[in-house]
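Data first, discussion second: the structure below is written as structure tokens.
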Amino acid sequence: MLDLDKKNHPILQSLNDAQQQAVAAPNAHRLVLAGAGSGKTRVLVHRIAWLMAEHNISPYGILSVTFTNKAAQEMKLRIEKLRGMPIHGMWVGTFHGLAHRLLRAHHEAAKLPETFQIIDSDDQLRLIKRLMRDTGIDDNKWPPKQVQLFINHCKEEGRRGQHLSGADHYNDIMRQIYISYEAICMRSGLVDFSELLLRSLELLQQNEDIRAHYQQRFSHVLVDEFQDTNTIQYLWLQALCGANSIMMAVGDDDQSIYSWRGAKIENMQRFTRDFSGCETIRLEQNYRSTQTILTAANAVISQNTGRLGKELWTQDGSGDPISLYSAFSEQDEAYYIVSCIKEMLSNAFQYQEMAVLYRSNAQSRVIEERLLESRIPYRIYGGQKFFDRQEIKDALAYLRLIANRNDDAAFERIVNTPTRGIGNTTVMKIRHLSKEQDLSLWETANILIQQSLLSARAQNSLQQFMQLINHLACHTQSATLADQTEFVLKHSLLLDHYKKDRSEKGLSRVENLEELLTAVDQFNLSDSDSDDINTPLSDFLSHVALETGEQQSSEHSDCVSLMTLHAAKGLEFPVVFIVGLEEGLFPHKMSTDQPDGLEEERRLCYVGMTRAMKRLFLSHAESRRMYGSEQFNNPSRFIEEIPSALITNVRAKAKVARPNAYRRSAAPLVHRAKNRYTNQEAGVPGLNLGDRVTHQKFGAGTILNYEGSGDSTRIQVAFDNHGAKWLIASFANLTRSSVG
DNA sequence: CCCCCAATTATTTTT
DNA sequence: TAATTGGGGG
């Protein structure tokens, strides 16, 4: 506990006890177990302010690491806001961004050319494919995607090609490809994402003076989302922390949902072991959700084993119960969601306060269709990033080649884009010689031309291409970035190339290229880290590679958000719908066979539930069209893990509340559903699934399901006024009624 | 070089 | 089912 006068310190005043303990922790390592909505960013920001104010730490001595650019940006902003002035010299950024910074500053010691550029996973895959073709490795037998995973996995574990044993045929092939891949990247001055981290770790490991410099500089290292760190990131942090550095790791083991991407929850325990004197602080008071939502989420996550342990609570009230809807089908589910959205809207919630979360992207479609139909504005998070689009990458490849002629990935991409008569034969020739001579494609192309080793046609085309690049380069040397880009777009004929495509796709590609000009322009204005000595062009290229660029521009309009549960991490919404809570879908069947997989699914559910502030709607569908066939999934086990007292089953209510609107809009689909059921008797002659029936006591309802046969047949009926019930068919005495 | 058809295959994704 | 990918033909 802190002394009273400390508690009244302006930086600590607004914080709860646990938060204060974290913020004002003495000079010792701390693991902060920060539950969802417990104010972890707040703690980090206040901690930094505290260190500067009370420990007299200069911004220069602080290193603050996050995973996403968005988080880094927010951190920076909030620190500046709290201090009331811009911060200089503090390293606040993503793992990759900071690693990049280290490599730029010490490219020589890192054995990288000054002009090195970053490639994304797409470029990486292309390089691997090309290399496999060159070395004659069958890409049917060894899928390039798998090779890519292998390489990245190695790098994430800190292993180089030389370190590998090649124990069996598989490992032998993989090692071979990995080694040639490393060679190509070196020769082309290219660095992939995992390489940024591994290379900068090696830089620190192999250069005592550099390591000592940073260890001395950073007296405090703070890390956000620590549960998402992988092995190399852990080692990287460790390398930056000297004997006198203090580290604060903030994370939540219950929100670890990226183990499939290499994240190691074990790093949390490892941290408390490796960093001596480390104590754990728990932030369990939640400032986001109602107690009902928290109790439900706590109950679900408590099913997991090996947790560090934590229970969320709130000072606020219990709030509304959680709604559960059992839909007939995914269509029905979508109608229900839309009807709830309308209801919430009339309950004074705005569209932008609502989010629909699903396990897999494919689920968004039905919901989109219904939203579109109801003219409800929505926005889908995730999906293709601006700078990942084909046409944008083409344009960037021109810029990259201008910046660095040895960039093989860029060369390969645009040597014949737009088509200029440099076919496969020519490119193959360049590749072969390039491999033989260990020169870049550009250098090789030069040799081929000088020695006239190509057909006259090819020679001519290639020469023109290279002249074009040189021409673009020297004509834009002194121009601004925006002018440079515009010049390139025009003279490369890339814009014309896409303008020829009159389809919708082509149209949007042209639009995107035009948007690129805007992006370039904005970059000039806002500018990046201005503390390196690079050209604006190379600055821009690094920026683009590391910051994938957010969604479209419609950010500020009032829209319902649609996204995967993964994408929802870190966000919050007053009203949250979690749909498709079915066995096989969520938990996904790909992860149900191993216990680890199932627990991660459960954490995902926990993440989803804790996004909700006021209202949480859960739903599952009894039948769902998946991969072209009808699946009958059981309700997700996660539903059962929620105490039933917290849940209201709303199936009947929803139908009664809006019988007309509901029925009318649903009509065509009910019809379609009925067609599917036509030959499927509900275990009783004359009754089919989907039929409308009447019961003496319960009134009208719809047949949902049945089980068993003969006298013991049970039928599930959704009664309009009494919810869903299982009835013994032989006693129920149901009569068919016509569909309204 | 482009177009069409058959085959394949369906989590989650940041940097 | 539907979307993407690869191979073959024009």
Side-chain angles (χ1 to χ4, degrees), chain A residues 65-72 93-101 118-125 129 139-140 143-145 148-149 152 155-156 191-198 200 224-225 228-230 232-233 236 255-263 330 357-366 381-385 387-388 416-425 497 500-501 542-550 563-570 580 582 584-593 597-598 600-601 603-605 607-608 624-631 676:
Chain A
V65 194
T66 62
F67 273 86
T68 64
N69 293 302
K70 203 174 150 200
T94 63
F95 279 101
H96 296 268
L98 297 170
H100 174 235
R101 203 152 161 179
I118 302 163
I119 52 168
D120 64 19
S121 27
D122 198 61
D123 299 323
Q124 185 186 35
L125 188 62
K129 275 187 186 157
D139 59 0
N140 281 318
K145 279 235 172 69
Q148 185 183 26
L149 278 173
N152 287 334
K155 290 192 182 188
E156 275 155 23
V191 170
D192 63 45
F193 289 135
S194 4
E195 183 73 23
L196 284 169
L197 287 160
L198 178 53
S200 57
D224 194 10
E225 304 279 18
D228 287 339
T229 51
N230 60 29
I232 203 83
Q233 286 160 338
W236 190 87
Q255 292 189 71
S256 164
I257 55 174
Y258 286 115
S259 73
W260 51 275
R261 212 159 75 177
E330 79 278 8
L357 312 182
Y358 35 80
R359 176 65 237 261
S360 66
N361 289 305
Q363 290 170 257
S364 73
R365 241 195 53 190
V366 252
Y381 276 67
Q384 224 198 0
K385 297 290 189 317
F387 289 116
D388 286 344
N416 202 29
T417 312
T419 48
R420 49 172 72 85
I422 304 173
N424 217 267
T425 334
H497 169 71
K500 269 189 258 164
D501 184 352
S542 303
H543 170 84
V544 156
L546 287 173
E547 275 184 58
T548 48
E550 273 306 297
M563 70 190 87
T564 63
L565 287 145
H566 282 92
K569 193 169 85 150
E582 293 141 44
L585 182 60
F586 188 33
H588 198 278
K589 69 170 179 307
M590 302 292 240
S591 17
T592 32
D593 38 359
L598 188 82
E600 181 145 317
E601 295 285 303
R603 291 193 289 268
L604 193 54
C605 183
V607 166
R624 180 180 297 274
R625 222 171 165 66
M626 283 172 92
Y627 315 135
S629 67
E630 201 77 4
Q631 313 264 356
R676 282 203 306 273

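The basis for the numbers below is simple: all heavy atoms, side chains too, and nothing from hydrogens, waters or symmetry mates. Each chain gets a letter, A, B and so on, in the order its sequence line appears, and its residues count up from 1.
Closest to the side chain of A:N416, out of B:dC1, B:dT15, B:dT13, is B:dC1. With B:dT15, B:dT13, B:dT12 as the choices, the nucleotide that has an atom nearest any side-chain atom of A:A567 turns out to be B:dT13. Nearest to the side chain of A:S121, among B:dT15, B:dT13, B:dT11, sits B:dT15. The side chain of A:T419 sits closest to B:dC1 out of B:dT13, B:dT11, B:dC1.
In this entry the distance linking CH2 of A:W260 with P of B:dT15 reads 13 Å, nearest Å. Atom pair A:D120:CG and B:dT14:P shows a separation of 13 Å (rounding to whole Å applied).
Nucleotides of DNA chain B nearest to A:N424 and A:H566 differ in position, and the one nearer the 5' end is that of A:N424.
Annotation: the span from A:I232 atom CD1 to A:L196 atom CG amounts to 11.5 Å, rounded to 0.5 Å.
With sequence neighbours excluded, the residues that form a salt bridge (charged side-chain N to carboxylate O under 4.0 Å, His left out) with A:R359 are A:E601. Residues passing the salt bridge (charged side-chain N to carboxylate O under 4.0 Å, His left out) test with A:K569, sequence neighbours excluded: A:E225, A:D228.
Within 4.0 Å (heavy atoms only), A:N69 reaches sugar-phosphate atoms of the nucleic acid but no base atom.
Residue A:G608 comes nearest to A:L565 through the heavy atom pair CA-CD2, 3.6 Å, listed as atom of the first residue, atom of the second, then distance.
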### Summary
Given protein heavy atoms under 4.0 Å, the one-letter contact record of nucleotides 1-7 of chain C, with B base, S sugar-phosphate only and - none, is simply BSS----

